[in-house]
Amino acid sequence: MGLKRPDLETKISNLLSPLVVAGAGGALVLIALVPQLAALIREQLQANLSPTAAAVAASAIGVGATVFLVGQLPVFLIWFERKVAAHIQDRLGPMRVGWHGVLQSFADGIKLVFKEDIIVNGADRFLFKLAPFLVLMGAFSAFAVLPWHTGLVVSDLNIGLLYVVAITSLGSIGLLMAGWASNNKYALYGGMRSAAQMVSYEIPTAIVILSVVVQVGSLNLQDVISAQLGGFGNFANWHIFRLYGLNVIGFVLFFICGLAETNRSPFDIPEAESELVAGFHTEYSGIRFGLFFLAEYGAMFFVAGLTVVLYLGGWSGPFFEGPLVFFIKTLALVFVQMWLRWTLPRLRVDQLMALCWKYVIPFAFLVLLVAALASAGAS
Amino acid sequence: METLGPQIIFWAFAALMLGSAFIVVHGKNLVRSAFSLLATFFSAAVFYVMLGADFLAGVQLLVYVGGILTLLVFGVMLTNRIYNLNLETQTFQVLPGALVSLAVFVILTTVVVRTPWSQSALIEDGPTTPIIGRALMTEYVLPFEIASVLLLVALLGAAMLVRRRTDL
C-alpha cells in the first residue's frame, strides 16, 4: 500500500530468510541425529575422562543442549502462533520481515533486548527482578526429565513425574511474585488468578498422571515410554488406546489441565487483556517481559511433550522412532493448543473453577479408579 | 572431586537455608518473609536429595512449595494489598524471647549430643518410592487412612464455609 521499504532492510531480509529456513531444516536433521551424536560424545568422554568427570561433563552437555534448544524454540513457536492465528482469522500474519515473516521473531527479540528496562515506582525492586527468572526456572527445569530417545535424557530420574509436578509449582510462585512486586492492581489480580488456577488444576493433573503411573508401575518417564512399545504397528500399545478407551478421557483431561497450567486460552484469565490490561506482566517491559514470553512458550512445549510421553508413546512410532518423531508429535499438540486459543472464548473465573472441581476432578478420579482396578486385576 | 562437589553444595545450601530462615523470622515485610520461605523449603529439598531420599525431596517441593507456600503467599497478599492493611512485623519482648530461644537451643543441643545415636550400615542409594509405597499400604495403612479422612473432612469443611447460601 505505497509503503516503500528501505533497500538495506530488503537486502538484509533477503539474505537472512534463506539462512533461517535452512537453519530450521538443519535443526530438524540435527534432532534426528542426536542419538548418534550423543553416543559418540559419551564414548569420547568415557575414553578420555574419569567416570565421575565423564558423568559431570555429559550432564553439562545435556543441560547446555537442552537449554539451547528450549531457548530457540519460543522464537519459532511465536512466529508459528502468529501465522496460525492469522490464518484462522483469514489474515496473512507477519509477511514483511523475511520470507513469510520468518525473521519477525528475531526482529521482535532484538527490539525487546534494546527496549528500556522500566521498573515502576513503588515496585518491590528485588522481587520484581527475581520473578521472571523464577518463572523461567520453573518452565525450563522441567525439561531435564523429558526423554527424547532411549538413554537420551538429561536426568533419568526415577521420580521423574513427581519431579515434574513439583518443579512446575515454582512457576506459579513466580507469577504470584511478579503480580505482587509490580505494585499494580491489575498485575496483582492477574497473579492471584493464575495462582488460584494453577493450584486448582494441579490436583486433576496429579490424579491423571497417577492413573498412568498406576498402569505403568513407575514414576520414571523412560519406563512410561517402554511400557508403550511394541504391539500392532508399534502404536497399538500407546496408552491412549488402552484401558477400555477410558484413557482417551485421561488424555483429554490432561490436555485441558495442561492448557490451564500454562495459562493458555481458554484458561488465560490471568492475563485477560479485556479485563486486566495484561495481567501479571502488565508492568514488565523489555527483556524481562521477554523472559515471561519465553517461559510461556517453553511451558507450552513441555506440557505437549509430557502429554506425548504419557499417552502417545513418546519417541516410538509406527514407521520411525527417535527424537524427530517425538518432536513432530509434540509440535502437532502445540498446534492444537494454538488452534484452541483462536477458536474458543475465555472462561469466566467461576466457570473455570466449576469446570475444575465439578467435571475434571470427578472424571480424573474415575479414570484413576478404573486404572487401579485394571492393574490390580492384571497382577 | 568425589567429596568436594557435595561438600560445596551442602555448605552453599546450608547457608542459603539459614539465611532465608533468618529473613523469614526477622524480615519487616511479611510478603518478603513469605517468599523467603521458598528458599528455605527448596534447600530442605536439596538436603533430602543429598541424603538419597529422592521421593521425599519431590514431596517436599510439591507439598510445601506448590501447596502451602502458594496458599500462604496468597493469603498474605489478599489481606495486604486488597484491604490496605499494614502488615509490617514488629519486634517486642526481646528479653523473654531471647531467653526462650536460648533455652530451646540448649535443650536441643543437649539432646543431640547426649543421645546415643545408633549407627547403621551405609544403605545403598536406590529408588525409595516402592519401599515407601509398600510401607504405607501395609504396615502404616491405618495412620495413612486416618490422615486421608482428616484431609477429606478439612476439604468438606472448607467447601461448607464458602458455599453460596441460597436458603438465607
Side-chain angles (χ1 to χ4, degrees), chain A residues 49-53 55-56 124 126-127 130-131 134 137-138 141 157-177 179-185 187-189 191-196 198-200 202-203 205-206 213-214 217-220 223 350 353 357, chain B residues 1-6 23 27 29-39 41-42 45 48-49 52-78 80-82 84 87 125-130 132-133 137 155 158-159 162 164:
Chain A
L49 292 170
S50 70
T52 321
V56 170
D124 192 327
F126 178 69
L127 294 183
L130 184 64
L134 211 59
M137 197 175 116
S141 326
L157 272 184
N158 62 54
I159 52 154
L161 284 167
L162 182 67
Y163 168 83
V164 166
V165 180
I167 207 79
T168 41
S169 59
L170 277 182
S172 58
I173 292 280
L175 295 188
L176 267 174
M177 196 184 271
W180 188 81
S182 297
N183 195 25
N184 172 319
K185 62 182 166 199
L188 184 64
Y189 279 126
M192 304 233 305
R193 279 184 180 189
S194 90
M198 281 169 137
V199 168
S200 304
E202 240 167 44
I203 298 165
T205 313
V213 171
V214 163
S218 169
L219 286 164
N220 187 320
D223 291 347
D350 58 324
M353 290 298 165
W357 292 95
Chain B
M1 178 93 196
E2 315 286 315
T3 52
L4 189 66
I23 295 175
N29 186 328
L30 203 57
V31 177
R32 276 205 175 187
S33 294
F35 280 124
S36 166
L37 206 54
L38 171 67
F41 288 150
F42 192 82
Y48 284 137
V49 171
D54 48 0
F55 184 77
L56 207 55
V59 171
Q60 161 86 12
L61 269 190
L62 182 64
V63 172
Y64 283 96
V65 176
I68 292 177
L69 187 62
T70 312
L71 285 181
L72 194 75
V73 173
F74 206 75
V76 171
M77 277 172 32
L78 262 177
N80 185 10
R81 279 280 159 87
I82 292 185
N84 281 324
L87 279 182
D125 269 5
T128 53
T129 320
I132 294 175
M137 281 297 144
L155 189 69
V162 298
R164 203 170 281 145

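- Using a 4.5 Å cut-off between heavy atoms, A:L219 contacts chain B through its side chain alone, with no backbone atom that close.
- Side chain of B:S36 to backbone of B:R32: no donor-acceptor contact under 3.5 angstrom is found.
- Heavy atoms only, all atoms of each residue included: B:V73 and B:A34 are closest at CG2-CB, 3.9 Å.
- When heavy atoms are compared at a cutoff of 4.5 Å, A:V199 approaches chain B solely by way of its side chain, counted from C-beta outward.
- Heavy atoms of B:T129 lying under 4.5 Å from chain A belong exclusively to its side chain.
- Here the side chains of A:L130 and B:F35 are not in contact, with every heavy-atom distance at 4.5 Å or above.
- Checked against side chain to side chain contact (heavy atoms under 4.5 Å, CB included), A:A196 has the following partners two or more places apart in sequence or in another chain: A:M353, B:F74.
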Quiz: residues 57-65 of chain B side-chain donor-acceptor pairs under 3.5 angstrom, not counting sequence neighbours:
| unit_1 | atom_1 | unit_2 | atom_2 | d |
| --- | --- | --- | --- | --- |
| B:Q60 | NE2 | B:F41 | O | 3.1 |

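- When heavy atoms are compared at a cutoff of 4.5 Å, A:I173 approaches chain B by way of both its backbone and its side chain.
- Both the backbone and the side chain of B:L69 come within contact range of chain A, with heavy atoms under 4.5 Å apart.
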